[in-house]
Structure formats: structure tokens, C-alpha cells
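Notes follow once the structure below has been shown.
Computation of the quantities below employed the complete heavy-atom set of this structure, encompassing side-chain atoms and omitting hydrogens, waters and symmetry-equivalent molecules.
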Amino acid sequence: MSSGRALSPVLLVGAGTGEATCGILYLASYLRRGGIEAFVRLWDGDESAGEVKDAFERLIARVRPKLIGISLKWFHHVDRALLIARTVRKIDPSIRIVVGGNSASYWWKELSGYDCIDHVVLGDGEAPLLALCNGEEAPPNVVTRTPDGRPRRLPLAYVQRSTNTQDVYYSHFNDIFLSQRDAHSFSGWVAPGKGCGENCLYCGGARGNQKADFGRAKPFLRAEENVRRDHQEIASRTWQMRYDFAGSTAEFLGSTWAGVDLSRHCCTYFLWGVPRVELVAALAATFERIYMVIDIGCFSEQQRLEQMSKGLLKPCAKDRELLDVIESVRRHPNVDIEISGIGGLPFTNKARLAEELRLVEQVIGLDCVVGYQRLEAQPGALVTEHPARFDMVTEAKTFAEFLGYFERREPGDVSVPMIRFKDAELEAAVQRNSDRVDELAWKHRDARKRVPLNGRTRLKNTAPSTERFTLGDWLGSHRAPAKLAKEPVTVLRSVDGITLSCAPTVSPRRYNDATLTQGEDGAILLTALDAFKQPTTVSQAVTHLGTKARLDPQSAHDVIEHLVDGRFLQPA
């Protein structure tokens with residue numbers, strides 16, 4: 001039964017800085033098709049509580065939302081989600097505040113105890129959120145505080161499967177963004193499917209938690225037609241496509257690409273195992289460039305095999321299989337590979353640490369990037385919940401411990417709680433190995449990126465996209481001062497997707513935004529890029545910058561080096 005009271009407009013935001021989550025785009029699209037005026041604030045660069053307050057005062061004044069949804073997908077954004085909820089409550093107590101996402105679903109009991117949160121949506125959010133907006137008395141999957149302050153949890157009646165997701169797809173991208181900066185922050189993420197059927201000991205989103213939080217024990221592929229709709233909606237609006245689902249085949253993705261020209265797009269694919277050669281070939285034939293991340297669990301084969309034998313790790317390749325895949329992928333010149341693994345997993349020893357280091361060196365020797373991090377604590381992960389089983393200790397386990405950790409972080413600190421070995425000698429050896437792997441991996445990454453510069457080096461402006469907007473369109477009318485709203489902003493994208501926004505006519509003394517390169521600095525960068533419209537030597541460009549921008553040779557060289565590092569300039 002519906003009360004007939006629609007909560008519209010709706011504002012959906014992520015709880016983290018930057019592009020915190022693209023899930024809100026699926027939600028906003030669904031709400032729009034359901035008759036709700038939904039908007040997203042996708043990009044977020046506010047750090048201090050004061051900046052958050054100012055940003056939401058402006059957002060609320062512009063959208064005048066009756067409901068604000070906060071996506072708490074990632075656990076390390078929990079303090080941010082609460083800060084946003086408290087801020088919104090103080091600005092306008094009449095706004096309904098809803099949180100949802102993986103971490104919100106896991107911590108629903110704790111979050112529902114905060115008076116700044118009206119509802120927690122568990123699991124899949126499309127139908128529950130629309131039901132809330134339409135004023136239904138019993139929206140599925142929703143936890144609501146009763147008048148006496150206790151949480152009332154409704155059953156997980158809405159569970160997405162292959163049979164009931166025909167109405168979940170991207171749409172209304174012309175309507176849902178509040179600024180061009182928001183629209184340009186979109187990473188191109190598409191979900192071929194949902195869920196996970198594995199129980200990796202380190203993952204908070206493994207099969208057990210998927211069942212508990214989403215009601216879904218098995219992963220599924222979405223309908224081909226709807227994934228195709230995703231591609232059709234976003235192809236003209238993004239420079240790349242991003243995927244991270246293991247069940248996609250070349251045949252499935254090929255059908256979802258039908259009728260969409262992706263030959264000038266890049267692709268980033270996060271694989272949960274070794275890809276089939278057919279999938280690699282299909283990606284190479286479809287996209288201009290592909291960056292493929294292959295997760296092998298950890299770099300020690302023996303450690304990997306032991307975890308798999310105990311049911312604690314998804315199926316991963318043996319070293320020989322991995323090296324064969326690398327060799328086959330190298331036949332495609334437009335495909336780059338990153339091999340990713342976690343250091344400090346259980347069942348390691350001195351021999352396995354040496355094995356780990358040998359494979360890292362071998363992978364780097366094949367010019368593949370290495371992705372590596374120490375084992376972190378994730379809420380609900382087996383090793384986080386039961387570290388003693390593995391002779392380990394965790395820096396956080398409970399909601400209060402995670403929240404306290406993140407609340408103590410300084411602005412800009414992106415650290416997370418870690419899991420370490422009880423044995424001090426073993427922990428020290430693991431850390432030494434980790435430091436060595438980090439050193440090798442970053443040295444290799446820097447070497448791949450480095451372009452030796454001298455006066456005779458010929459460079460060219462390789463930015464594949466240059467667009468011009470007004471300041472009001474770029475930042476949004478809620479952020480740009482009215483008196484400067486018509487000032488021009490030039491937005492460039494490098495081959496790696498890095499965005500450079502220059503506002504040469506906007507002096508920082510009149511208005512300052514940390515994401516803009518303003519005034520004289522912006523004019524200098526545009527002049528430097530213009531100098532390399534055609535292949536030009538560094539020495540010629542230095543002379544040009546001395547004449548046009550009155551830069552001394554060293555400053556001119558520094559500007560050129562900065563643009564090379566960002567891959568706006570590359571060897572001709």
C-alpha cells in the first residue's frame with residue numbers, strides 16, 4: 001500500500017572523496033524511470049567538516065531534495081558517511097536520510113542507531129529506494145527506526161537475479177548530473193553481473209556475506225540487452241569502459257557491444273582469475289587500448305595452492321599458467337597487464353617469501369606491472385573475524401574499532417587497518433619482503449612512465465580530448481560564483497584519463513578552487529600545450545614559452561616535464 005506521498009527530488013551521493021561509487025548511477029537511472037527526479041553528486045573533493053557543510057548547503061539549496069541517499073559501499077568511508085548524514089540533518093532536519101551499499105548492509109544494526117539516519121537499505125537498492133520515495137508503508141529490504149528508537153528490519157524481499165533485473169540499466173545521463181565535472185568524473189564502469197561465489201579468507205564481500213547482506217549466494221550475469229543499454233548510454237560520455245566481473249565471456253561481452261563503436265575507447269578489466277585467450281582477443285579487437293589486471297591471490301605458488309586446497313581462496317593460476325597467459329597476451333600490442341596479489345596472507349614462511357619475490361622479479365622482467373599490498377582488515381572477512389585461527393592479529397574488527405580508526409586519520413591519509421602475524425620475527429620478515437616488492441614495483445612503474453628529456457627531444461600534444469565549458473557548467477551552478485559563471489574553462493584529458501582543467505581568466509584572488517589550474521598558471525599550461533600542437537623539440541618550446549609566457553628556461557622546462565609526467569605530452 002502506498003501513502004501517495006512521493007519523496008522527490010532525490011540527491012544521491014557517495015560517502016568517499018573522488019568517485020566513491022558508480023552504483024548511485026544505476027540507482028538514479030532507475031528512480032528517473034520510476035518518475036522520481038533523481039540527481040547524483042559523483043565527484044567529491046571536500047576534506048574538512050567545514051568544506052562538507054558548505055558543499056551540502058549549496059547542493060541542498062540547488063536541488064531542494066526531500067531525500068538524500070548516501071552510498072556506503074566501501075568500509076573505509078564509514079566516518080565520511082556519518083559526517084555527511086550529521087551535516088545534512090543540521091542543514092535541513094526535514095530531509096529523509098538513507099544509507100545503503102555493502103558496508104551499510106553489513107553494519108545495519110550499528111548505523112540504524114544514529115539519529116541522523118532514517119533508513120538503511122539492505123542489499124540491492126533499486127526497488128527499495130523507489131518504494132521509499134513513493135511512500136510505501138513496507139518498502140522491501142529497508143531498516144527503519146521505530147518511534148521508540150529500535151530498528152525495524154523488513155525481510156530481504158528484493159534480491160536481484162538474472163530473472164528480475166530487466167529494469168536495471170543506465171539511462172537519463174543527460175539529466176542526473178549536477179555539473180560537467182561530475183559527468184567527467186565517471187569512470188565508465190559497467191556491471192556485466194553481480195555477486196560472488198567464492199569465499200576468499202581476506203574479502204568482506206565473499207559468498208557468505210553476499211548471502212547474508214544481499215540474499216544472493218550465487219553470482220549472475222545480467223541480461224545482455226540491459227548491459228548493451230549501458231554501453232549505448234555511456235559510450236559517447238566516457239573515454240573508457242571498466243569491468244570487474246569474472247563470469248563474462250567473449251561471446252557475452254561481444255553481444256553487449258553490438259552496435260556500439262568502442263574502437264577509440266580504452267578498457268580497464270579487473271579479472272578475478274586468468275582470462276581465456278578468446279576474451280583477450282575480443283577485448284584487443286574491440287578497444288583502442290586495454291589495461292588488464294589479473295588477480296592471482298598472492299605471489300607464492302605454494303602459499304596460493306595451500307589456501308585453495310583449504311577452500312580459502314578462489315581458483316587461481318599456477319605460475320606456469322600465469323606465464324603462459326602473459327606470453328599469449330603480449331601478442332596483442334594494445335594490451336597491458338598488471339599482475340596483482342596480496343602480501344602477508346596466512347601460511348607463509350621463509351621459503352614462500354623467497355618464492356614470492358622470485359615471481360615478482362620474473363613478472364617485472366616480462367614488463368608487466370605488479371600490483372601489491374599487505375593484507376588489510378575488511379569487516380566480515382574470515383581472517384578479520386577469526387585472526388587467531390591463522391596466528392594473526394587485526395587492528396580492527398568491530399564497528400567501533402573501524403570507525404575509531406578512520407576518525408583518527410588525518411586529512412589525506414588513506415591508510416586502513418591491517419592484519420599482521422603474532423610472531424614478531426615472521427612479521428618482520430614479511431614486512432621486509434613487502435618493502436622490497438614495493439621498491440621493485442614502483443621502480444618499474446616509474447621506468448615505464450619516464451621519458452628522458454633533453455633539448456633535442458621531440459614531443460607532441462597527445463591529449464586525445466580537449467573541451468571548453470563555462471565555469472558555471474563545469475563546477476555546477478551551486479559551486480561557481482554567479483559573477484564568474486561565464487568565464488571559460490578548458491578541460492583536457494591525457495591518454496591515461498587524467499583530467500586537467502584550466503581557467504586562465506579566473507584569478508585565485510577572486511575565486512579559488514583546488515581542482516582548477518587558474519590565472520597565470522592556467523594560461524602557461526595552455527600555452528605550453530599549444531607549443532606542441534605539431535612535433536616540436538623541447539628547446540624550441542622553451543624558447544616559445546620564454547617569448548609567449550615570459551618564463552625563464554628552467555621554469556619552462558619544469559612545465560614541460562609536468563605535462564610529460566601527466567602524459568599530455570609524449571614523444572613524437
Side-chain angles (χ1 to χ4, degrees), residues 74-76 78 198-206 209 295-314 316 319 322 338-364 369-410 412-445:
W74 306 111
F75 66 95
H76 47 283
V78 60
E198 306 298 338
N199 257 337
C200 301
L201 82 166
Y202 51 78
C203 181
N209 282 342
D295 180 7
I296 61 168
C298 63
F299 282 90
S300 163
E301 182 179 72
Q302 292 305 310
Q303 191 179 1
R304 199 183 316 143
L305 292 174
E306 181 170 356
Q307 290 167 10
M308 290 164 58
S309 71
K310 296 177 184 293
L312 301 174
L313 181 65
K314 59 184 172 282
C316 291
D319 289 358
L322 175 66
E338 176 179 326
I339 308 301
S340 176
I342 299 174
L345 288 177
F347 315 124
T348 194
N349 54 40
K350 185 177 180 180
R352 292 178 178 184
L353 290 174
E355 188 179 54
E356 176 181 84
L357 198 56
R358 282 196 299 272
L359 182 58
V360 166
E361 291 171 337
Q362 192 170 8
V363 167
I364 289 175
V369 173
V370 164
Y372 184 88
Q373 64 181 46
R374 281 291 308 264
L375 176 61
E376 66 182 31
Q378 292 193 14
L382 177 63
V383 72
T384 306
E385 293 295 299
H386 305 285
R389 288 189 192 178
F390 308 99
D391 295 320
M392 304 183 89
V393 292
T394 179
E395 293 179 350
K397 179 178 177 181
T398 67
F399 173 83
E401 288 169 344
F402 277 102
L403 178 60
Y405 182 95
F406 295 123
E407 286 180 333
R408 289 190 296 271
R409 290 191 311 187
E410 294 295 326
D413 181 2
V414 295
S415 65
V416 296
M418 306 299 290
I419 297 177
R420 305 187 185 278
F421 291 94
K422 284 183 179 178
D423 185 308
E425 185 176 344
L426 177 59
E427 171 60 29
V430 170
Q431 189 59 50
R432 284 195 299 271
N433 224 55
S434 175
D435 293 342
R436 178 59 179 158
V437 172
D438 277 341
E439 180 186 359
L440 291 171
W442 285 107
K443 181 179 179 181
H444 176 239
R445 285 175 183 252

Roughly how far apart are Met392 CE and Leu375 CG, rounded to 0.5 Å? 5.0 Å
Listed by chain and number, what are the side chain to side chain donor-acceptor pair (under 3.5 Å) partners of Glu338, not counting sequence neighbours? Tyr291
In this structure, CZ of Arg352 is separated from CG of Asn433 (nearest 0.5 Å) by 13.5 Å
Going by side chain to side chain donor-acceptor pair (under 3.5 Å), name the residues that satisfy it together with Asn199, two or more places apart in sequence or in a different chain. none
Set of residues satisfying ring pair (Phe, Tyr, Trp, His ring centres under 6.0 Å) with respect to Phe402, sequence neighbours excluded: Phe75, Trp107
Quick one: list whatever passes side chain to side chain donor-acceptor pair (under 3.5 Å) with Ser300, sequence neighbours left out. Glu355
Just to verify, what does Lys310 make a side chain to side chain contact (heavy atoms under 4.5 Å, CB included) with, not counting sequence neighbours? Glu306, Leu312, Phe347
Decide yes or no on side chain to side chain contact (heavy atoms under 4.5 Å, CB included) for Gln362 and Arg358, but give the supporting numbers first. CA-CA 6 Å; Gln362 192 170 8; Arg358 282 196 299 272; over 6 Å; no
Can you name the side chain to side chain donor-acceptor pair (under 3.5 Å) partners of His444, sequence neighbours left out? Asp367
In this structure, which one of Val370, Ile296, Leu440, Asp319 forms a side chain to side chain contact (heavy atoms under 4.5 Å, CB included) with Val363? Val370
Can you name the salt bridge (Lys or Arg N to Asp or Glu O under 4.0 Å) partners of Lys397, sequence neighbours left out? none
Applying salt bridge (charged side-chain N to carboxylate O under 4.0 Å, His left out), which residue pairs with at least one partner in residues 377-391 are found, sequence neighbours left out? none
Set out, in order, the CA-CA distance, both residues' side-chain angles and the distance that settles side chain to side chain contact (heavy atoms under 4.5 Å, CB included) for Phe390 and Leu201, then state yes or no. CA-CA 10 Å; Phe390 308 99; Leu201 82 166; 3.9 Å; yes
Flag for Thr384-Tyr202: side-chain donor and acceptor within less than 3.5 Å: no
Residue pairs meeting salt bridge (charged side-chain N to carboxylate O under 4.0 Å, His left out), one or both in residues 425-442, sequence neighbours left out, come to Arg374-Glu427, Arg420-Glu427, Arg436-Glu439
I'd like to check the side chain to side chain contact (heavy atoms under 4.5 Å, CB included) partners of Lys350; sequence neighbours left out, ordered by chain and number. none
Worked verdict on Ile339 versus Val369 for side chain to side chain contact (heavy atoms under 4.5 Å, CB included): CA-CA 6 Å; Ile339 308 301; Val369 173; over 6 Å; no
State which residues pass salt bridge (Lys or Arg N to Asp or Glu O under 4.0 Å) with Glu301; sequence neighbours excluded, sorted by chain then number. none
